[in-house]
Q: 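Next up is a structure, given as structure tokens.
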Protein chains: 2
Amino acid sequence: MRPRSSRDIRRENRFDLLRRVYSAERAVTRQWLAAETGLSPATVATLTTELLALGVLVEVGREDSGGGRPRARLAVNGDHGVLVGVDVAETYVRADLFDLALRGLDSGHREIGPEDHQPDVVARHVVDLVRGIFDRGRLTRDRLLGIGVSLPGQRHTDSGVSLFPAATGAYEDGDPEGRFRGLLADAFGSEPFLENPLKASTVAELWFGGGRAAHDLAVVTLGTGVGVGIAVDQRLYRGATDAAGEWGHTLLVPGGRTCRCGRTGCVEAYVGAPGIVATLRERDPRDPLLHADESATVDALASAAGRDDPRALAVLDEVGATLGVALANLVNVLNPDTVVLGSWVATRLGRWLLPAARDGAATHALPRNLAAVDWRLSGVEGHAVSLGVAALALEGLVAGGPSAAPRRDPVPTTAHRER
Amino acid sequence: MRPRSSRDIRRENRFDLLRRVYSAERAVTRQWLAAETGLSPATVATLTTELLALGVLVEVGREDSGGGRPRARLAVNGDHGVLVGVDVAETYVRADLFDLALRGLDSGHREIGPEDHQPDVVARHVVDLVRGIFDRGRLTRDRLLGIGVSLPGQRHTDSGVSLFPAATGAYEDGDPEGRFRGLLADAFGSEPFLENPLKASTVAELWFGGGRAAHDLAVVTLGTGVGVGIAVDQRLYRGATDAAGEWGHTLLVPGGRTCRCGRTGCVEAYVGAPGIVATLRERDPRDPLLHADESATVDALASAAGRDDPRALAVLDEVGATLGVALANLVNVLNPDTVVLGSWVATRLGRWLLPAARDGAATHALPRNLAAVDWRLSGVEGHAVSLGVAALALEGLVAGGPSAAPRRDPVPTTAHRER
DNA sequence: GGGACTTTTTCCAAGGGTCGGATTTTGACC
DNA sequence: GGTCAAAATCCGACCCTTGGAAAAAGTCCC
């Protein structure tokens with residue numbers, strides 16, 4: 001338990017300031033920042049000059065103030081460098097290049113299979129992709145300010161062990177994450193920032209999406225897998241072992257459908273993409289909307305719903321209602337002020353799922369908890385996972401490198417601690 | 001969003017220090033406090049002299065240090081004054097008197113009925129009980145340092161409106177909580193600290209019970225009602241509208257038993273006292289363990305289980321397994337490092353419920369989340385709710401009065417804030 | 001074109017915090 | 001009584017925020 005020093009206050013304030021510049025739609029003034037953060041104009045001045053000197057912020061013109069000295073407008077200095085965010089999923093690797101303002105510049109994509117699920121192989125894919133992007137943009141490596149990588153599976157901050165989903169057997173005793181981290185550090189000359197997709201997209205919502213105004217936020221990821229990212233007081237909540245948010249494997253229907261995880265009745269088995277497909281199939285095993293792969297099925301469902309096809313709407317109603325009931329539990333326990341639906345299933349079907357879920361939640365959530373919730377679809381443009389993980393890398397940058405990340409103080413290596 | 005100043009650091013450190021003195025089993029030394037809090041010896045010295053001057057701490061002897069200056073032992077100055085904690089429940093009012101070390105000195109109890117559920121009536125009961133205790137102990141009012149009251153139902157910090165369960169109709173537009181608060185303030189000359197029982201008992205666990213070592217804690221209350229108190233980073237989590245933890249009304253069995261709240265299949269309907277009785281009755285409507293009131297039934301069940309009565313054990317197994325499944329959901333989402341079972345049902349049946357719940361959780365929780373959890377029965381002696389609410393009053397005292405409580409800054413009354 | 005005016009921004013000294021290292025305190029021991 | 005060792009305190013350094021004074025940077029008017 002390292003206590004907080006006054007330096008932490010500075011770091012937090014600087015960070016808060018920066019985040020507000022980022023999430024504002026337009027360039028902002030010092031006065032607005034002071035009002036927004038609650039800091040005195042004097043402090044805002046000190047912080048901004050610091051960030052201006054660093055090159056992270058720039059003045060972009062001025063604004064009339066009615067007779068007095070015009071207000072300077074501040075914005076993120078996009079040209080100061082680039083950030084890379086990489087999303088390693090089970091079936092693909094996607095890398096995005098951002099300028100420092102986190103505007104997407106370019107991206108690359110590559111399909112992978114289970115045979116690639118090894119640290120070395122994944123690292124090679126990542127390095128190749130990023131190199132390709134750099135070459136295309138004629139960028140030199142010294143422009144790179146930070147790189148963040150989202151890895152599937154659960155990470156363990158303390159031990160640094162990541163569970164590459166298919167590599168658990170092969171790498172049980174090794175340190176796959178450490179190896180991966182090392183390979184990337186060698187290739188790019190700076191430590192990558194690693195996180196899982198759930199947390200990454202939560203950060204993206206917090207910076208740029210529906211969570212900007214939220215204090216206590218739940219970001220529901222609806223993809224092939226399902227989970228929830230939780231933010232308490234605008235900060236990502238990780239849980240004791242960085243494993244919070246495994247809402248997808250929460251029991252919803254005792255003795256229900258078999259889930260990918262082997263258990264039965266998980267939320268994921270009903271509201272994840274395979275769950276939606278299963279619902280469709282249960283209603284009619286020969287439904288023409290059914291395609292070989294789930295992504296195509298979801299697309300078919302979306303376009304059918306767009307045509308007001310009653311069968312598609314009925315399926316979405318059913319799934320949405322189930323989602324709502326599951327969300328009601330979350331709302332009752334966490335009492336968030338904002339719930340955001342994100343990831344690719346939500347992007348394509350959220351238009352229909354969200355209202356149905358809201359109605360479904362109303363049947364089981366407590367009125368007071370329900371009333372507190374602002375329901376939203378993801379407001380993030382582009383790929384939330386890459387963006388979030390790039391934002392995390394940026395955080396590390398501003399805070400002073402990834403070493404500033406650990407949240408608990410490390411266990412002393414020598415047997416020094418008594419009691 | 002008021003930013004944190006260095007004063008907040010001081011307050012937090014002082015508070016952290018004090019809490020550690022409280023939750024330590026014996027008197028502590030400055031050195032131990034420094035090691036425990038991570039503060040420098042210099043700072044610990046400043047803080048302790050401050051608290052010694054306040055009269056909250058005292059030196060109680062010294063400890064040999066092997067040739068050097070002996071270490072002074074510090075403890076809470078129990079004689080410095082008294083605190084009162086009151087638990088207003090639906091069927092009773094209980095008041096406890098504590099010394100400043102939060103050792104119970106005396107208590108009073110009174111049964112109430114639905115007709116008493118009015119601010120004025122409840123306040124009168126509270127005042128009478130506390131007066132009685134003060135008279136018995138020949139205490140003068142100036143000895144009273146703080147008073148905390150737990151009220152059932154959900155509170156709303158922002159508006160100050162409390163929902164007295166049966167008074168919602170009569171007081172819909174009024175301010176029952178404000179009225180109640182005023183009546184108590186008049187009677188005792190100091191503002192009472194109000195909280196609900198769920199949060200109060202969570203604080204008690206955090207200070208004195210199973211949560212002392214926890215960072216991310218879930219305190220499960222098993223009484224007539226069921227709920228969970230959540231602490232993040234050793235601090236009580238309240239949620240957006242102070243309504244977090246309504247886990248009892250989470251859906252567990254779709255279309256299942258009807259709950260007190262009118263919905264079906266709530267967790268509470270299975271693992272709360274009425275739920276346990278219902279399980280017993282479902283198995284055998286004429287079971288001799290069934291009594292007219294649920295408390296007697298729970299007692300009968302406990303003593304039967306104590307005699308290894310197989311029917312009682314089977315019921316407890318069933319209830320425990322259900323509890324475990326429900327807890328698994330909590331563990332998956334929150335990833336706590338400690339789960340504590342408390343309140344009166346847990347006190348009497350926890351011995352059997354806890355192991356069964358642990359096993360039940362294993363079937364549905366993710367291995368990593370499960371492995372992180374330390375399962376415990378409440379370690380609080382005495383009545384956790386009164387104790388917790390007295391501790392909250394103490395917190396207010398140390399922080400500088402109940403006014404320091406609000407967590408969000410109040411909305412400015414004048415239309416002064418632009419944008 | 002230059003002063004008056006207005007509003008923003010910075011400067012400065014005050015005030016609150018923590019901390020490392022020097023210093024004092026407080027015992028035991030010889 | 002002097003010496004020694006460990007605990008506790010004191011002190012100056014350093015970091016942070018902030019209110020108010022001062023400076024900066026425009027407009028406006030004569």
Side-chain angles (χ1 to χ4, degrees), chain A residues 1-17 21 27-53 57-74 398-400 404 409 418, chain B residues 1-17 21 27-53 57-75 398-400 404 409 418-419:
Chain A
M1 290 296 295
R2 190 173 63 274
R4 315 156 70 73
S5 78
S6 54
R7 260 204 204 77
D8 294 316
I9 294 188
R10 174 63 143 247
R11 194 163 41 72
E12 280 167 26
N13 285 342
R14 181 173 44 210
F15 184 69
D16 189 33
L17 196 84
V21 179
V28 300
T29 66
R30 288 184 178 79
Q31 299 206 317
W32 181 81
L33 282 170
E36 204 71 2
T37 58
L39 294 164
S40 71
T43 305
V44 171
T46 344
L47 291 174
T48 47
T49 40
E50 200 177 306
L51 291 168
L52 286 166
L57 292 185
V58 272
E59 294 205 350
V60 290
R62 6 209 76 196
E63 186 175 77
D64 191 67
S65 69
R69 174 176 176 173
R71 288 181 278 274
R73 305 179 65 91
L74 302 167
V398 176
D409 53 357
E418 306 183 14
Chain B
M1 289 297 295
R2 190 173 62 274
R4 313 154 70 73
S5 80
S6 57
R7 259 205 205 78
D8 294 317
I9 294 189
R10 174 63 142 243
R11 194 163 40 73
E12 280 167 26
N13 285 342
R14 181 174 45 207
F15 184 68
D16 189 33
L17 196 84
V21 178
V28 300
T29 66
R30 288 183 178 78
Q31 299 207 318
W32 181 81
L33 282 170
E36 203 71 3
T37 57
L39 295 165
S40 72
T43 304
V44 171
T46 341
L47 291 174
T48 48
T49 42
E50 199 177 307
L51 291 167
L52 286 166
L57 293 186
V58 273
E59 294 205 349
V60 289
R62 8 207 74 196
E63 186 174 78
D64 192 67
S65 68
R69 173 175 178 172
R71 288 182 277 275
R73 303 179 66 90
L74 302 167
V398 175
D409 54 358
E418 305 185 16
R419 273 217 57 157

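Side-chain atoms are counted along with the backbone in the values below, which use heavy atoms only and exclude waters and symmetry mates. Below, chain A is the first sequence line, B the second, and so on; all start at residue 1. Predicted, not measured: the structure shown is a model, and the values here were computed from it.
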Q: Using whole Å, what does the distance between atom P of nucleotide dA14(C) and atom CZ of Arg7(B) come to?
A: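 To the nearest whole Å, that distance equals 17 Å.
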Q: Taking Arg73(A) for the side chain and Ala27(A) for the main chain, is one N or O donor matched with an acceptor at less than 3.5 Å?
A: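 Yes; judged by distance alone, with no hydrogens or angles, the pair exists.
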Q: Using whole Å, what does the distance between atom P of nucleotide dG17(C) and atom CG of Leu47(B) come to?
A: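 Roughly 9 Å, once rounded to whole Å.
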Q: Could you check how far CD of Glu59(A) sits from P of dT8(C), rounded to whole Å?
A: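 To the nearest whole Å, that distance equals 14 Å.
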Q: Taking only residues two or more places apart in sequence or in another chain, which ones pass salt bridge (Lys or Arg N to Asp or Glu O under 4.0 Å) with Arg62(A)?
A: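 Once residues adjacent in sequence are excluded, the partners of Arg62(A) under the salt bridge (Lys or Arg N to Asp or Glu O under 4.0 Å) criterion are Glu59(A).
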Q: For Leu52(A) versus Leu57(A), what's the shortest heavy-atom pair and its separation?
A: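 The pair with the smallest heavy-atom distance is CD2-O, 3.3 Å.
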Q: Can you give me the first and the last nucleotide of DNA chain D (5' to 3') that has an atom within less than 4.0 angstrom of a non-hydrogen atom in chain A?
A: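 Nucleotide range with atoms under 4.0 Å of chain A: dC15(D) to dT27(D).
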Q: OP1 or OP2 of dT18(C) less than 4.0 angstrom from a side-chain nitrogen or oxygen of Asn13(B), does that happen here?
A: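 It does, given that an N or O in the side chain of Asn13(B) lies less than 4.0 Å from OP1 or OP2 of dT18(C).
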Q: For the helix from dG1(C)-dC30(D) to dC30(C)-dG1(D), how many degrees between its two end axes (five pairs per end), to the nearest 10°?
A: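 About 30° separates the two local helix axes.
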Q: What one-letter contact string describes nucleotides 19-30 of chain C from 5' to 3', where B marks a base within less than 4.0 Å of any protein heavy atom, S marks contact via sugar-phosphate atoms alone, and - marks no contact?
A: BB----BBB---
Q: Show the numbers, then the answer: is there a side-chain contact (heavy atoms from CB on, under 4.5 Å) between Leu51(B) and Val21(B)?
A: CA-CA 11 Å; Leu51(B) 291 167; Val21(B) 178; over 6 Å; no
Q: Would you mind reading off the distance between Glu12(B) atom CD and dT18(C) atom C1', rounded to a whole angstrom?
A: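 Value for this atom pair: 14 Å.
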Q: From Thr46(B) OG1 over to Glu50(B) CD, what is the distance, rounded to the nearest 0.5 angstrom?
A: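 Interatomic distance, Thr46(B) OG1 to Glu50(B) CD, rounded to 0.5 Å: 8.0 Å.
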Q: Counting only side-chain N and O atoms of Arg30(A), is one of them less than 4.0 Å from OP1 or OP2 of dT10(C)?
A: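 Yes, because at least one side-chain N or O of Arg30(A) sits under 4.0 Å from OP1 or OP2 of dT10(C).
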Q: If the condition is side chain to side chain donor-acceptor pair (under 3.5 Å), which residues does Gln31(B) pass it with, not counting sequence neighbours?
A: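 Partners of Gln31(B) under the side chain to side chain donor-acceptor pair (under 3.5 Å) test: none.
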Q: Quick one: side chain to side chain donor-acceptor pair (under 3.5 Å) partners of Ser5(B), sequence neighbours excluded?
A: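 Scan of Ser5(B) (side chain to side chain donor-acceptor pair (under 3.5 Å), adjacent residues dropped) gives none.
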Q: Please determine whether side-chain contact (heavy atoms from CB on, under 4.5 Å) holds for the pair Leu17(B) and Thr48(B), giving the CA-CA distance in whole Å, both sets of side-chain angles, and the decisive distance to 0.1 Å.
A: CA-CA 8 Å; Leu17(B) 196 84; Thr48(B) 48; 4.0 Å; yes
Q: For Thr29(A) versus Trp32(A), what's the shortest heavy-atom pair and its separation?
A: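 So the minimum-distance heavy-atom pair works out to OG1-N, 3.0 Å.
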Q: Kindly indicate, with the supporting measurements, whether the criterion side-chain contact (heavy atoms from CB on, under 4.5 Å) is fulfilled by Leu47(B) and Leu33(B).
A: CA-CA 11 Å; Leu47(B) 291 174; Leu33(B) 282 170; over 6 Å; no
Q: Within this structure, what is the CZ-CG distance for the pair Arg11(B) and Asn13(B), rounded to the nearest 0.5 Å?
A: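 Arg11(B) atom CZ to Asn13(B) atom CG measures 10.5 Å (nearest 0.5 Å).
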